[in-house]
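Read the numbers this way: they start at 1 and go in the same order the structure lists the ligands and their atoms. Fair warning: this is a prediction, and the values are worked out from it, not measured in the lab.
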Amino acid sequence: MGLTVLENCRVATMAFGKPAYGLIDDATIMLADDRIQWVGHRTDLPQPPATTARIDLGGGLVTPALIDCHTHLVFGGDRADEFERRLHGATYAEIARTGGGIMSSVRATRASSEDELVAAALPRLDTLIGEGLATLEIKSGYGLTIEHELKMLRAARRLATLRPVRVTTTYLAAHAVPAEFAGNADGFIDEIVIPGLIAAHSANLVNAVDGFCERIAFTPAQMGRVFDAAAALGLPVKLHAEQLSNSNGATLVASRGGLSADHLEYLDDKGVTAMAAARTIGVLLPGAFYALRETRVPPIERLREAGVPLAVATDCNPGTSPLTSLLLAMNMASVLFRLTPEEVLAGATRNAAKALGYDDRGVIQPGKLADLAVWNIAHPAELSYRIGFNPLRQRIFGGTL
Ligand code: DI6
Ligand code: FE
């Protein structure tokens, strides 16, 4: 067993409870291979063998490595033109209705080879890794045929063979109704979404199933049928819910014991109660809120009161959130949604792990994966307080610097 002692650091363990951030001053962390073996005050460390490797972290602050639990990192093309149209007054829904929006990325993604998708995604991934990230979720949803959805999922999985990062993939064929099925969302679900899910699952490419529950996309009844298919395969579900209107998606996904309901700007009390009862995580995506100039803020106070754990993610996508900085998403969650810096950091570590169904990461505790970020800052609040500042000093991935 390879033991490593990390010394001369302050640790925000993000373990739940007091003190804030689970902060330990003058701390030491001992790693055994790819796991955390021990964390505590330097003077309490059990005597490690004399041969143990020692690494001086120069007084840095250690947090769990960041986790981005909602991204559409793999896609073809870009949508800078729509950004311009929106600045000239067009709305996101209008652009979507006239063949732009998600469908424009679908055309570009279908036209890209798997290699091209990987090559386009790598700079985005590298930017996230450069901010201390170790795990991210990547969705399909710009293929909308069985062949192209599987191509996206393969590209996403390949990223983890090219970079030291853990990728979890989510099947999102229920993202938009393609032109071939215009006016026939149910036919699209029967002929593409469900058979594609079965094919992607047999190819071992799916960790979870998602959908866009919205007036411009799929109804709760339609999503319910997709979730039935997911349940039959033993796959967990999550949902883009209440982003542009209240469509009762949060209640639906909670009733299926879903991992998360994401966006939530138009969430009502019924949805909050359902999420709390099902322990469904609320994933906040302030990048989309910001880029769409949304003015309705998710009901944060109600979610807090109900005890719904909150995560924060980039929603990195070519349309509504062309954002490749989880640190900036964290700042936005504080400034735009008034999350505290501690809630925000929990949202990009502990609760992001929960939103992905992991309990082996996201906190610094014995037995968890040794995925850590070391920052050149004294206080964890600086991670969400500063804007456009990346204080990453080192990243430790599976126990390796
Ligand atoms: N909601 C979003 O914010 C993204 N997908 C979704 O269901 C937007 C995707 C896009 O505009 O390309
Ligand atoms: Fe999204």
Side-chain angles (χ1 to χ4, degrees), residues 68-83 85-86 90-110 117 120-121 124 136-144 149 152 156 168-178 185 193 208-219 222-223 226 237-245 247 249-250 253 259-266 281-294 296 298 311-324 326 329 332 352 355-356:
D68 196 345
C69 66
H70 180 140
T71 87
H72 310 247
L73 197 86
V74 169
F75 56 84
D78 74 81
R79 308 239 292 273
D81 57 329
E82 288 178 16
F83 178 63
R85 280 177 67 192
R86 288 212 309 274
T91 67
Y92 180 70
E94 274 161 23
I95 291 172
R97 275 195 297 268
T98 54
I102 293 174
M103 289 319 298
S104 124
S105 295
V106 168
R107 287 189 292 276
T109 301
R110 287 180 179 175
L117 291 177
R124 299 189 278 270
L136 83 164
E137 184 251 24
I138 303 177
K139 302 175 193 293
S140 68
Y142 293 117
L144 309 188
E149 287 291 303
M152 285 188 74
T168 173
T169 47
T170 298
Y171 180 79
L172 176 62
H175 195 194
V177 182
V193 177
V209 177
D210 194 353
F212 191 20
C213 189
E214 193 61 61
R215 284 185 204 139
I216 58 169
F218 298 93
T219 64
Q222 288 162 346
M223 281 317 308
V226 178
V237 297
K238 57 177 85 174
L239 196 61
H240 287 70
E242 282 52 287
Q243 178 186 9
L244 309 171
S245 65
S247 303
V253 72
L259 290 171
S260 67
D262 303 33
H263 285 287
L264 306 179
E265 278 79 348
Y266 290 81
I281 309 292
V283 177
L284 303 172
L285 305 167
F289 173 93
Y290 169 86
L292 291 174
R293 296 172 171 271
E294 178 58 65
R296 171 126 165 187
V312 176
T314 61
D315 195 15
C316 174
N317 77 64
T320 58
S321 189
L323 171 63
T324 48
L326 189 50
M332 288 175 172
L356 298 175

Sub-3.5 Å donor-acceptor pair from the side chain of R124 to the main-chain atoms of T324, do we have one?
no

Apply side chain to side chain contact (heavy atoms under 4.5 Å, CB included) to the pair F289 and T320, showing each step before the final yes or no.
CA-CA 8 Å; F289 173 93; T320 58; over 6 Å; no

So, [X] and [Y]: side-chain donor and acceptor under 3.5 Å apart, yes or no?
X: D68; Y: T314; result: yes
X: H240; Y: H70; result: yes
X: E137; Y: T170; result: yes

Mind listing the closest non-hydrogen atom pair of A311 and C69 along with its distance?
CB-SG, 3.9 Å

Listed by chain and number, what are the side chain to side chain contact (heavy atoms under 4.5 Å, CB included) partners of T98, not counting sequence neighbours?
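Partners of T98 under the side chain to side chain contact (heavy atoms under 4.5 Å, CB included) test: R85.
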
How would you list, by chain and number, every residue that makes a side chain to side chain contact (heavy atoms under 4.5 Å, CB included) with E82, sequence neighbours excluded?
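E82 satisfies side chain to side chain contact (heavy atoms under 4.5 Å, CB included) with R79, I95, S104 only.
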
Around the Fe ion (ligand 2), how many protein N, O or S atoms are closer than 2.8 Å?
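The number of such protein atoms is 4.
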
Single hit among R296, E294, E214 for side-chain hydrogen bond (donor to acceptor under 3.5 Å, both in side chains) with Y266
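So, applying the side-chain hydrogen bond (donor to acceptor under 3.5 Å, both in side chains) to Y266 and each of R296, E294, E214, only E294 qualifies.
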
Counting only non-hydrogen atoms and a 4.0 Å cut-off, the residues near ligand 1 are H72, R79, Y92, I102, Y142, H175, F212, H240, Q243, H263, D315, N317, G319, T320

